[in-house]
*Asks:* 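Please read through the structure below; I'll follow up with questions.
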Amino acid sequence: MAQTIAVIGNPNVGKTVVFNALTGLRAHVANWPGVTVEKKTGKLDDNLIVDLPGVYSLSPVAVDDLIARNFIVRDNPDLVVDILDGTNLERNLYLALLLAEFEVPLVFALNMMDVVRTRKMQVDVGKLGELLGVPIVPTAAIKKEGIDDLKRQIKTALARKPPIPSIKYSQELESRIEKVVGILAEQAGTFYPEHRRWAAIKLLENDKEVVKELRASYPGAVTKVDSVRVLDDEFAFASERYEKIAEIVKACYVKEEDALTTSDILDKVFLHKWFGIPIFMAMMWMLFEFTFHFGAPFMTMIEWVQGALSDPILESSWGGTWYASFLADGIIGGMFSVFIFLPNIFLMFLGLSFLEDSGYLSRAAFVMDRLMYKIGFHGRSFVSLILGFGCNIPAIMSARAIEDENDRLTTILVNQNISCGARLPVYIIIGGAVWGAAAGSIVYSLYALGILAAISMALLFRKTLFKGERAPFVLELGDYRMPTAKYTGIHMWERGREFLKKAGTIIFVVVVVMWCLQYLPWGVEPGDSALYKVGQFFSPVFIPLGFGIVATVGLVFGFLAKEVVVAAFAMMLGVAEDAGDLGALIFADLGGNPVIAFSYLVFVLLYVPCVASLGAIYRETGSWKWTAFSALYGVGLAYLGASLVQLIGGVWF
Amino acid sequence: MEKKLSELVSGEEGTVSRVDSKLISRLGPMGVIPGARIKLVRVAPLGDPLEFDVKGYALSIRKDACALVHVEVSGR
């Protein structure tokens with residue numbers, strides 16, 4: 001009969017590597033119900049293996065913890081494989097004891113044995129297994145060592161469940177556990193009947209989740225339990241667990257004290273008081289260049305392929321027909337408006353995976369947290385904000401490295417204010433025509449305004465939407481490791497693929513719909529199209545700002561992608577897109593008024609970056625509500641910004 | 001002498017004596033519990049957060065949370 005195996009472990013113990021080695025890369029990725037956290041499952045023979053998020057305990061702090069905890073305590077896996085980091089046994093054994101306490105059949109994999117060896121640490125694996133009372137297999141998953149043994153051990157354990165170790169506390173605690181077990185047996189018969197001792201311990205520890213569960217079904221029992229609990233119980237159990245761990249570690253683990261590891265030396269440089277920040281800036285610059293500079297030739301290639309596919313259709317004998325245009329501009333155009341982002345997204349994820357797998361990303365958060373915290377973000381938000389200057393889509397997707405939900409949402413929702421590369425041509429063409437040589441400072445001021453808007457919005461959201469105490473910053477700075485090409489590649493592919501699947505479909509559909517609006521009713525000139533009508537419809541809204549119908553249509557098209565704003569003007573004004581006087585014509589259309597021209601640029605800066613960015617927000621938040629909110633507040637802020645420019649500009653000019 | 005965790009100086013070591021109850025569920029599993037040895041390794045370049053050596057690994061905690069943890073240091 002097929003059984004279920006859960007793979008669990010602390011973060012950064014090589015859990016994903018073990019999982020992949022066990023399942024042979026045929027992992028199936030889906031989302032856990034109701035959240036956007038990925039659920040990876042695979043097969044070992046006929047048995048289902050589930051990769052749980054990395055956690056430190058079974059008491060939920062964030063979404064990830066809750067998923068792992070609920071899977072263990074509610075879904076009753078037949079076997080739990082806990083991956084332990086051999087170089088950091090003490091803290092890793094804490095989770096191991098918690099699992100043993102839940103009385104679930106266990107197998108331990110003592111991973112990172114290669115590092116244990118190079119560091120000249122010594123672990124008596126046999127004795128460790130004996131003391132813990134759990135089968136334990138030494139592995140170095142990254143080198144494929146011990147994986148066959150682990151598979152064999154798992155199969156043995158599935159066939160004949162290994163005995164469950166019993167963890168005994170001090171007499172004082174045991175007597176209270178007994179009392180609570182008694183209360184539960186008497187008054188809450190169906191409350192974790194198979195795990196009553198575990199439930200009693202959690203209740204004494206005042207574990208929020210378990211207390212909540214008991215209150216929901218047996219409110220009377222909660223009061224009874226409360227009368228048994230003493231104040232110190234909250235940490236007494238943790239203390240005793242760590243005492244037990246200390247005994248075990250002492251008996252079978254030799255770690256050279258005060259030996260300076262490579263990680264320590266690297267930290268002396270990367271976290272240095274004076275060099276830490278310049279090094280961080282250099283890393284960010286490299287990530288940025290890597291993402292966008294190396295992406296450019298691939299984008300040119302993708303554009304070339306698009307042309308090679310659609311040009312023959314448009315130039316064929318039926319090229320003038322609507323269906324030729326539908327195929328070339330609608331379908332092919334729609335597909336390629338997704339593909340065009342792929343080089344940047346994959347390169348960004350490649351760079352980011354490299355930084356994360358190497359251990360630097362947590363250092364980056366450590367270095368930047370103070371500044372970021374002050375302006376409403378998290379140490380990890382910085383990467384996302386910087387990437388926004390290239391393209392908001394990879395930037396929004398990079399925010400998933402932030403654990404706290406409020407920090408993550410804030411980072412995602414304000415990113416659109418950071419001026420991406422696609423907005424620059426609009427600034428340059430209009431700015432060049434209006435201010436000539438001074439256009440440079442206008443462009444700079446727009447970038448600065450974008451940063452200012454992002455910070456203000458973050459602070460505002462913190463005060464309104466994401467009120468309440470901010471999550472404490474508790475972050476492990478794991479050892480540095482040399483990332484392997486294979487796993488960094490897998491990491492990149494898994495994340496990039498999600499963009500194609502989730503955001504890609506939305507972007508494609510919207511582009512096709514926009515095409516239809518642009519060409520409907522059939523056969524009309526662009527000036528009579530439904531899209532133009534949309535522009536006309538919205539035009540009254542923009543009259544107070546001095547934007548005419550042409551300028552409004554520009555904004556409506558700009559919803560598709562910012563670089564289209566200029567093209568829309570060219571189309572409406574009946575000139576070629578590369579015409580030298582296009583800027584001047586646009587300026588004339590904006591009434592020849594520099595204040596209106598600047599407010600138009602401010603509007604372009606602040607409203608929705610493009611439909612693809614909305615697709616990315618939907619993908620990352622999993623919520624239409626936040627997606628719509630992002631679009632609406634963007635337009636509102638843009639309108640407000642443009643109005644303020646005119647108000648202030650009107651006084652001066 | 002009792003101090004707050006946020007008051008340690010780089011290289012100073014102490015024994016955790018008290019953890020505010022709202023942080024126990026977060027810090028307990030990380031090994032920051034009464035009785036644990038903890039050492040301030042360094043302060044981040046901008047002055048916050050702090051990096052500690054506890055249970056043989058590196059843990060970073062923001063100062064505001066550190067102010068809710070008390071340590072006993074051997075006073076001079």
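Within every chain, numbering begins at 1; the chains are lettered A, B, ... in the order of the sequence lines, protein sequences first and strands thereafter.
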*Asks:* Between B/Val43 and A/Phe366, what is the shortest heavy-atom contact and its length?
*Replies:*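 So the two residues come closest at C-CZ, 4.3 Å.
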*Asks:* Could you grab the distance from atom CG of A/Leu271 to atom CD of B/Glu51, nearest 0.5 Å is fine?
*Replies:* 6.0 Å
*Asks:* So which atom in A/Lys208 and which in B/Ser25 form the shortest heavy-atom distance, rounded to 0.1 Å?
*Replies:*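 Distance-wise, the nearest heavy atoms are NZ-OG, 4.3 Å.
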*Asks:* Going from NZ on B/Lys63 to CZ on A/Arg370, what distance comes out if it is rounded to the nearest 0.5 angstrom?
*Replies:*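 It comes to 6.0 Å.
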*Asks:* Identify, with sequence neighbours excluded, every residue that meets salt bridge (Lys or Arg N to Asp or Glu O under 4.0 Å) alongside A/Asp82.
*Replies:*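 So A/Asp82 forms no salt bridge (Lys or Arg N to Asp or Glu O under 4.0 Å) with any residue.
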*Asks:* Which pair of non-hydrogen atoms, one from A/Val474 and one from B/Arg26, has the smallest distance, and what is that distance?
*Replies:*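 So the minimum-distance heavy-atom pair works out to O-NH2, 3.4 Å.
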*Asks:* Heavy atoms only, distances under 4.5 angstrom: which of B/Pro34, B/Ser21, B/Ala36 has the most pairs with chain A? Name it, please.
*Replies:*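 The residue among B/Pro34, B/Ser21, B/Ala36 with the greatest pair count is B/Pro34.
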*Asks:* Pick whichever of A/Val55, A/Asp267, A/Leu371, A/Val367 has the most heavy-atom pairs under 4.5 Å with chain B.
*Replies:* A/Asp267
*Asks:* With A/Phe377, which residues qualify under ring pair (Phe, Tyr, Trp, His ring centres under 6.0 Å), at least two apart?
*Replies:* none
*Asks:* Looking only at heavy atoms, which of residues 234-243 of chain A get nearer than 4.5 Å to chain B?
*Replies:* A/Glu234, A/Phe235, A/Ala238, A/Ser239, A/Tyr242
*Asks:* Can you say whether B/Leu27 sits under 4.5 Å from chain A via the side chain, the backbone, both, or neither, judging by heavy atoms?
*Replies:*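 Answer is side chain: those atoms of B/Leu27 sit under 4.5 Å from chain A.
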*Asks:* What's the spacing between B/Tyr57 OH and A/Leu477 CG if we round to 0.5 Å?
*Replies:*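 Here the rounded value is 10.0 Å.
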*Asks:* For the candidates A/Phe280, A/Tyr373, A/Phe275, A/Trp274, which exhibits the highest count of non-hydrogen atom pairs separated by less than 4.5 Å from chain B?
*Replies:*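 Ranked by heavy-atom pairs under 4.5 Å with chain B, first place is A/Tyr373.
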*Asks:* In terms of heavy-atom contacts, does CZ of A/Arg215 have more than 12 from other residues, nucleotides or ligands at under 6.0 Å?
*Replies:* no
*Asks:* Nearest 0.5 angstrom please: A/Asn92 CG to B/Lys55 NZ, how far?
*Replies:* 13.5 Å
*Asks:* Within this structure, what is the CD1-CG distance for the pair A/Ile277 and B/Leu46, rounded to the nearest 0.5 Å?
*Replies:*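 Reported to 0.5 Å precision, the distance equals 3.5 Å.
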*Asks:* Evaluate the criterion side-chain contact (heavy atoms from CB on, under 4.5 Å) for residue pair A/Lys268 and B/Arg42; output intermediate values, then yes/no.
*Replies:* CA-CA 9 Å; A/Lys268 280 193 192 300; B/Arg42 63 168 63 81; 3.9 Å; yes
*Asks:* I'd like to know which of A/Gly379, A/Ser59, A/Pro472, A/Gly478 tops the heavy-atom pair count under 4.5 Å against chain B.
*Replies:*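 With the most close heavy-atom pairs to chain B, the winner is A/Pro472.
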*Asks:* State, to 0.1 Å, how close B/Pro45 and A/Gly276 come at their nearest heavy-atom pair, and which atoms those are.
*Replies:* CG-CA, 4.4 Å
*Asks:* Could you state the interatomic distance from CG (A/Asp264) to CG (B/Asp53), rounded to the nearest 0.5 Å?
*Replies:* 8.5 Å
*Asks:* Looking at B/Gly47, B/Gly28, B/Pro49, which one has more heavy-atom pairs under 4.5 Å with chain A than the rest?
*Replies:*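 Highest number of heavy-atom pairs under 4.5 Å: B/Pro49.
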*Asks:* With chain B, which of A/Asn10, A/Asn88, A/Leu98 has the greatest number of heavy-atom pairs at distances under 4.5 Å?
*Replies:* A/Asn88
*Asks:* Counting neighbours of CD on B/Glu13 that are heavy atoms of other residues, nucleotides or ligands and sit closer than 6.0 Å, is the number greater than 12?
*Replies:*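 Yes, because the 6.0 Å sphere around CD of B/Glu13 holds more than 12 heavy atoms from other groups.
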*Asks:* Any donor and acceptor pair, going by atom type alone, linking the side chain of A/Arg91 with main-chain N or O of B/Met30 inside 3.5 Å?
*Replies:* no
*Asks:* For A/Arg119, what residues pass the side chain to side chain contact (heavy atoms under 4.5 Å, CB included) criterion, not counting sequence neighbours?
*Replies:* A/Thr87, A/Val115, A/Met121, A/Thr261, A/Asp479
